[in-house]
Amino acid sequence: MLDIRNLFVAAAMARYLKALPKLKTPVMDAIFTNRPQHPFAIIGADMLIPVVHEMPVIKRGAPSIPATKETGSINFYEPFPIRPNAFVTATDLNNLKLLGVSSREKWAQGRTDLLRRGIRKTTEAMCAVSLCGRLEWPVKLEGGGWETYDVDYGTILSVNPARLWDAADTKILHIFDTLTQMQEAIEEWGYGSTVEVWCGKTAYNAVFAVAENSRTTAKLRVEITDQGINIGGFLVKRRAEKYRHPQTGVMTPIVGDKVCRMIATDAGHFMPYCAIDDLDGNLQPMPMFVKPIKKDDPSGYKLIGDSKPFPVPNVKGVCDATVTG
């Protein structure tokens, strides 16, 4: 009998993941670049980014003062796993016996890639949702029903533009003023030295229309590039990607159609991978684990992917503005 479990040991998995092409996930790639492996299955609320302001000095010999405001309470978040599966039939295994070792590894790499893509797309969508200040994601129950996983990170910042960007008399200066207000709102909390500026489809079209009819001056630079629209040092990017809701199937844009979102990349957003709930995975944290389980009816192996990411945005480093009517 062909035992495929040796094709999915940790060393083999590392080789597969290293050889596979990088998946483009704009939210994870730009915002959640810090992805530590967290040794526990829960996340303490104290891991959420505290707000640190400027502090006074103290006299020599005086006691230290708290860097942040203490709440006196301890709360925990319980991340839920992403666990897709793929079935390998006995027929597939019979065919696999005819292949050499390298070909079997190529096959195993392809199966790994299938599970990896499902986990990555789900993680990317959860990261995008979390930037709104609240992660609401469907939970599939064993009986076929649904519940909602709900994590409230707090309220993100917001700005009301003095003039909508699609108004007939909008100038490039009005757009620049709105972007400046958004950055200043973030800077009030100690962040914003580096930012990402993302616009939904309608919002970006409005920026493009105004930028196309404007010209660069000595005081305000305007440049349309393949990376986005540079307005006085703010690179405004079109963010039209969508994710599919697992329960309803509805496609939702990463950034609202009429919204401009500014995200401070220096605000400490991060996404730990928590310890997985699997003994064969040694209850350890890892970005992805694959476990083959032998099945008798029908005969074959079920390949189960396992990952437990938990996006943690800093809501004081995210600012939204509804910029079109």
Side-chain angles (χ1 to χ4, degrees), residues 8 13 16-17 20-38 40-43 47-48 77-87 109-153 198 239-256 261 263 269-278 281 284-293 302-313 318:
F8 295 96
M13 287 291 301
Y16 304 155
L17 294 174
L20 288 169
K22 182 179 178 180
L23 300 177
K24 293 184 178 180
T25 44
V27 181
M28 291 177 65
D29 296 342
I31 310 303
F32 293 95
T33 56
N34 182 17
R35 304 168 200 162
Q37 295 190 21
H38 183 62
F40 305 109
I42 57 176
I43 295 285
M47 286 190 68
L48 273 65
Y77 295 99
E78 182 183 8
F80 283 10
I82 303 170
R83 195 172 289 157
N85 70 70
F87 194 75
Q109 181 176 296
R111 295 292 89 188
T112 300
D113 189 33
L114 173 68
L115 298 172
R116 174 187 75 134
R117 289 175 181 273
I119 289 173
R120 184 81 174 196
K121 286 180 72 70
T122 305
T123 306
E124 169 76 354
M126 291 170 63
C127 287
V129 174
S130 74
L131 288 176
C132 298
R134 188 166 196 156
L135 174 57
E136 294 181 279
W137 199 252
V139 179
K140 187 65 182 276
L141 305 178
E142 290 185 47
W146 296 88
E147 286 185 355
T148 299
Y149 180 62
D150 190 352
V151 180
D152 189 354
Y153 301 101
W198 294 351
R239 196 90 281 156
E241 297 89 351
K242 296 182 178 181
Y243 63 86
R244 186 183 302 276
H245 191 280
Q247 181 179 1
T248 64
V250 173
M251 297 295 291
T252 303
I254 287 177
V255 178
R261 173 169 294 162
I263 309 160
H269 317 283
F270 73 111
M271 189 191 72
Y273 288 103
C274 298
I276 61 172
D277 304 314
D278 195 291
Q284 294 297 307
M286 57 188 76
M288 180 179 174
F289 175 69
V290 176
K291 176 180 179 177
I293 298 179
K302 179 183 281 188
L303 301 178
I304 300 177
D306 206 338
S307 183
K308 200 187 288 184
F310 186 72
V312 182
V318 183

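- Side-chain atoms of Arg35 come within 3.5 Å of backbone N or O of Met28 as a donor-acceptor pair.
- Remark: Asp152 CG to Glu136 CD distance equals 8.5 Å, nearest 0.5 Å.
- Within the 4.5 Å cutoff, the side chain of Val27 has no heavy atoms near those of the Glu241 side chain.
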Exercise. Can you list the steps and then say if Glu78 with Cys274 is a side chain to side chain contact (heavy atoms under 4.5 Å, CB included)?
Worked result: CA-CA 10 Å; Glu78 182 183 8; Cys274 298; over 6 Å; no
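- Within the model, atoms CD1 of Ile263 and CD1 of Ile31 stand 4.0 Å from one another, a figure rounded to the nearest 0.5 Å.
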Problem set entry | Working for side chain to side chain contact (heavy atoms under 4.5 Å, CB included), residues Val312 and Tyr77 | CA-CA 11 Å; Val312 182; Tyr77 295 99; over 6 Å; no
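- Ion pairing between a basic and an acidic side chain is recognised when a charged N comes within 4.0 Å of a carboxylate O; Arg134 and Asp150 show such pairing.
- For the atom pair Phe8 CZ and Arg111 CZ, the distance stands at 8.5 Å (nearest 0.5 Å).
- No donor-acceptor pair under 3.5 Å is formed between the side chain of Gln109 and the backbone N or O of Leu20.
- Between Phe32 and Leu131 the shortest side-chain heavy-atom distance falls below 4.5 Å.
- Considering CZ of Arg120 and CG of Leu23, their distance stands at 6.0 Å, rounded to 0.5 Å.
- When side chains are defined from C-beta on, Ile276 does not count as touching Pro81, because their heavy atoms never get closer than 4.5 Å.
- Using a cutoff of 4.0 Å between basic side-chain nitrogens and carboxylate oxygens, Lys291 and Asp277 are not scored as salt-bridged.
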Problem set entry | Val151/Phe310 under side chain to side chain contact (heavy atoms under 4.5 Å, CB included): CA gap, chis, key distance, verdict | CA-CA 10 Å; Val151 180; Phe310 186 72; 4.1 Å; yes
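- Panel note: side chain Lys308, backbone Ala275; a donor-acceptor pair is recorded below 3.5 Å.
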Problem set entry | Thr112 vs Met288, side chain to side chain contact (heavy atoms under 4.5 Å, CB included): CA-CA, chis, key distance, verdict | CA-CA 9 Å; Thr112 300; Met288 180 179 174; 4.0 Å; yes
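- From Leu135, atom CG reaches atom CZ of Phe80 across 11.0 Å, with rounding to the nearest 0.5 Å.
- Distance check: Ile119 CD1 to Asp306 CG gives 7.0 Å after rounding to the nearest 0.5 Å.
- The number of heavy-atom neighbours closer than 6.0 Å to OH of Tyr149, taken from other residues, nucleotides and ligands shown, is above 12.
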